[in-house]
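Okay, structure first, notes after.
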Amino acid sequence: MVFAAPGEALARAEELLGADPSPLHASVAHQVIGIWQRDFGDTRRALAHLRRARELAARADSAEREADVLATLGVALVHAGRTRDGLAAFERGVARGTGHTRARVLYRRAYVWWVLGRHGEALEDVRRAVPVLRQADDVIWTARALTLRATVHLALGAVERADADFTAAEALWDTTGQEHDKADAVESRGLAAFRSGDVPAALRLLDEAEERYAKLGTPTFMLSIRRCEVLMAAGLATEALAEADGAIAALDGIGGQSTRKAELLLVAARAARLAGDPQTSLARAALAVRLFAGQRRTWYETHARLVLIEARVATGRASGRLVADAAAVAERLAAFGAPAAAEASLLAGRIALGLGWTADAERHLAVAARSRHGGPPLARMTGWAAQALRARAAGSARGVLEACRRGLDVLDDHRMTLGASELRARATAQGAELAALAQRASLVSGGPRRLLVWSERWRATVLSAPPTRPPADPVLLSTMTAFRELAARAEEARTDGGRPAPALEREQRRLEREIRSRTLHMRGEGRGDGDGGRFDVGRLLDRLGDELRLVELAVLDGRVHVLLCGQGRVRRFEAGLLAEAEREAEHVQAGLRRLAHPGAEARLPLVEAAGARLQELLLGPAAAHLGNGPVVVVPPGRLHRVPWALLPVLRDRVLSVSPSASSWLRAKDTAPPPGGRRVLVRGPGLASGGAEVPELADRHAGPPPPARSGESPRRDTGARSGGAGPLDGRPVLLEGDEASVPRVLRELDGAALAHIAAHGAFRADSPLFSSLRMADGPLIVHDFERLDRSPYRIILSCCDTARLASVGADELLGLVTALLPLGTAGVVACSAPVNDAAVVPLMLALHKGLDAGLSLAEALRDARAALPGDAVHQATGWAFSAFGAA
């Protein structure tokens, strides 16, 4: 009962002890309390109760009872870090018990061997225990033993054997009422899904297990460790670090198991390293090594030493000693049969290469490269990274490119199993080294065309296919509605009282976590277009023709390289340092924020001068070769905040921005829907009142469009694949209470043009919760992903709607990037705070150009030119950009 209903078991044990029981029954009660304290409370109290349970068993002269208590005591001692005493207790327990009892003792010793990382001994004890437990028809303990054996198989990389044991155990659990063990089985299946490379299934199963544990009121420290592993594999290292640190604090707060603390420190160290925080990684890993060593857990200690070496290298401490340390760790991990052995060999080879020790590097890299032929995706990518480094050391650019291609193909296959756009974007971080190696090799061996191909191979892969549609999940839909209502109430409280409402905001954050959790469960639907072989430079040049220029900026070793495409060729120019350009872009952003307010006219020359410096850093000598025609800029993710229209050579041009050349080509080939339906939306609380919206509606007075019925924004758009229709008829106007999220989504789906005047809020901490404020609350990115086809053209006329978060290797997340894969061919949006009143004439002029048949980029160029020449209007025009090709 202590696992099926822990609270009830604890209460009944305490009640029994208050009734002057016999020594035998008192022994059982103290053992139950000891188990509860060991797993859910204070380890020291657990040891006191278990020692008392053993004394009482001896007084009752029951060898079987004493053997059973000794096994429980052995587990508690090992979890407290007293490994030698724990194993000694097991020796006495095995000697005292017989038959069925001894089998239970062997199972628990097998569990301890697993905790200690001694997998061979664990499998041997389970092998001895299972037949006896089965013969005794002990369903619960047989299922526990099979679950443990499956977990050991997973640690050794034997996923198929683990699956078989998990399936057999689950069938047994279904016949019992052991709710804690059932939750553990779900958690274990989540671990198996992760080991087989199915991240969405792993997240879903771990969340389900957490819900089951919550109903029992039991802590979930082991589950936290496993979820951190999955989060790191998905590129969510910062979230993993936060979860691990939170679990460590909670464990310390209850005086919990020392073994779990060491494991949490290990995952925290790994997460900190992946999150780019080597000092934190160093501190966590060093403490984990000390704890594991004291607990005599060599398997775990060796893994912690690997992370410690990685952190030291990341802090710039590479040395010959570290090569030897990494090689020794690799040998020990290989002896354990641990999949991480390849990572250690790769690390040793990488450090050796940096020191110029080519012979040593080749030896270690050759070992690491063996993992490229099998195992989970990240292990195969490790192998291909090692193979690429071997080829580079041998001077074979062709070998480097082949290894990088194969490794990134593995990543593409893995990435496309992920349904959520956030996971796809963040997963790209796993291939950053392969992409950088390929770009350097292509620069040396293949010239500008090959560098362009590899830049596209890696750039904006998250946009290569639409994200998986969120399921018609009633819980998700109701949670999003509740989130919207709470966000609206929190905003109202801030507006009315000028102060935040902590309770509302806490609940809002909880709902955000639930929405995000459910969307991360989505599986992908197959491969996208990310394969580098599908990008055709010749096709791009044909579409560009003689007048149009596409400028793709690639970053190699911190320097910007300009790939100028047009007139049938690709030329390369070297520009400035990326870090300097980023700093200058931040200065420009600060200048634009000040110019949004009257009275800052004196700063206009400073902002213009900063634009000239940005031009030199980002375009360099390529600026003189742009010709006189339109320009498409394809920047890296870290330059997404540059107001490109401020650069002198681009200021008076037809200018558009695209996340990649491939994305621009797709937008160019996207046909507008028939009918030319337009939607105008005016949200609440705008300083200008969204004054352009009613004027635009009046401009096209005429018969209203046909009414649209139905509530769901997901509609069959199969009949909308025809050519463009004229923009005629009165547009749909949504304002006041009609500008609600469900109504707005229903009208946006498949529209030819949408103009949304609404407050934009960018969330750097969670970019897919960036939003537009509607009458009933925020319209978030997750809402747009429910559309069957987002509008062909979208104009977002308020602040921060073009702000994006750079994640993964070179990916962007935000409103604009959510729209482009969903059928939107062109977006006008703003990346800086602007003056609301100055936006109105800009928008009216923009629509005038569109009515005349111009593209968004052409109309925006003419609209800027039509603005008054004062500083506020100039800054407003520069802050807006046209994205895509419509």
Side-chain angles (χ1 to χ4, degrees), residues 491 494-495 585-611 614 640-647 650-652 655 657 680-696 735 739 755-762 770-773 794-804 814-816 827-850 856-857 859-883:
E491 177 65 26
R494 282 191 294 269
T495 303
E586 287 302 316
H587 293 153
V588 166
Q589 284 288 329
L592 290 177
R593 280 195 295 272
R594 293 177 184 173
L595 289 175
H597 305 284
E601 292 82 0
R603 302 201 63 83
L604 183 61
L606 298 177
V607 173
E608 291 183 305
L614 264 180
H640 67 277
R641 298 206 65 195
V642 172
W644 296 96
L646 178 61
L647 276 56
L650 302 177
R651 198 167 294 174
D652 299 320
L655 169 67
V657 181
L680 304 176
V681 180
R682 180 159 61 156
L686 296 169
S688 69
E692 79 272 15
V693 173
E695 187 165 340
L696 289 171
E735 55 187 349
H755 179 111
I756 304 177
H759 274 303
F762 174 71
S770 298
S771 62
L772 298 170
R773 186 178 166 197
I794 295 186
I795 299 168
L796 303 170
S797 65
C798 289
C799 304
D800 282 350
T801 48
R803 285 189 63 187
L804 305 164
L815 281 171
V816 171
V827 182
V828 167
C830 174
S831 62
V834 289
N835 184 286
D836 280 357
V839 169
V840 175
L842 179 72
M843 292 296 109
L844 294 174
L846 174 67
H847 278 270
K848 182 179 179 181
L850 295 178
L856 286 172
L860 185 57
R861 187 269 315 265
D862 291 354
R864 288 194 194 102
L867 287 174
D870 62 274
V872 171
H873 285 89
Q874 290 295 304
T876 301
W878 292 330
F880 280 87
S881 297
F883 296 85

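Legend: residues meeting side chain to side chain contact (heavy atoms under 4.5 Å, CB included) with A757, ordered by chain and number and at least two apart, are L686, E692, V693, H755, S797. D870 meets the side chain to side chain contact (heavy atoms under 4.5 Å, CB included) test with P868, V872, H873; sequence neighbours excluded. Listed by chain and number, the residues in a side chain to side chain contact (heavy atoms under 4.5 Å, CB included) with P684 are R773 (sequence neighbours excluded). Applying the side chain to side chain donor-acceptor pair (under 3.5 Å) rule to Q874 yields no partners; only residues at least two apart in sequence or on another chain are considered.
Shortest non-hydrogen contact noted between L860 and L846 is N-CD1, 3.5 Å. The two residues L655 and A645 make their nearest non-hydrogen contact at CD2-N, 3.7 Å. Counting all heavy atoms, side chain and backbone alike, A691 lies closest to V840 at CB-CG2, 4.0 Å.
Distance check, rounded to the nearest 0.5 Å: CG of L796 to CZ of F880 gives 8.5 Å. If you take CZ on R861 and CG on D652, they are separated by 8.5 Å, rounding to the nearest 0.5 Å.
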Determine, stepwise, if the pair V657 / V642 fulfils side-chain contact (heavy atoms from CB on, under 4.5 Å). CA-CA 10 Å; V657 181; V642 172; over 6 Å; no
Validation: residues 588-610 side-chain donor-acceptor distances under 3.5 Å, sequence neighbours left out:
{"residue": "Q589", "atom": "OE1", "partner": "R641", "partner atom": "NH2", "Å": "2.8"}
{"residue": "Q589", "atom": "NE2", "partner": "R641", "partner atom": "O", "Å": "2.7"}
{"residue": "E601", "atom": "OE1", "partner": "G599", "partner atom": "N", "Å": "3.4"}
{"residue": "E601", "atom": "OE2", "partner": "G599", "partner atom": "N", "Å": "3.4"}
{"residue": "E608", "atom": "OE2", "partner": "R651", "partner atom": "NH1", "Å": "3.4"}

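In this structure the side chain of L856 reaches within 4.5 angstrom of the side chain of I795, judged on heavy atoms.
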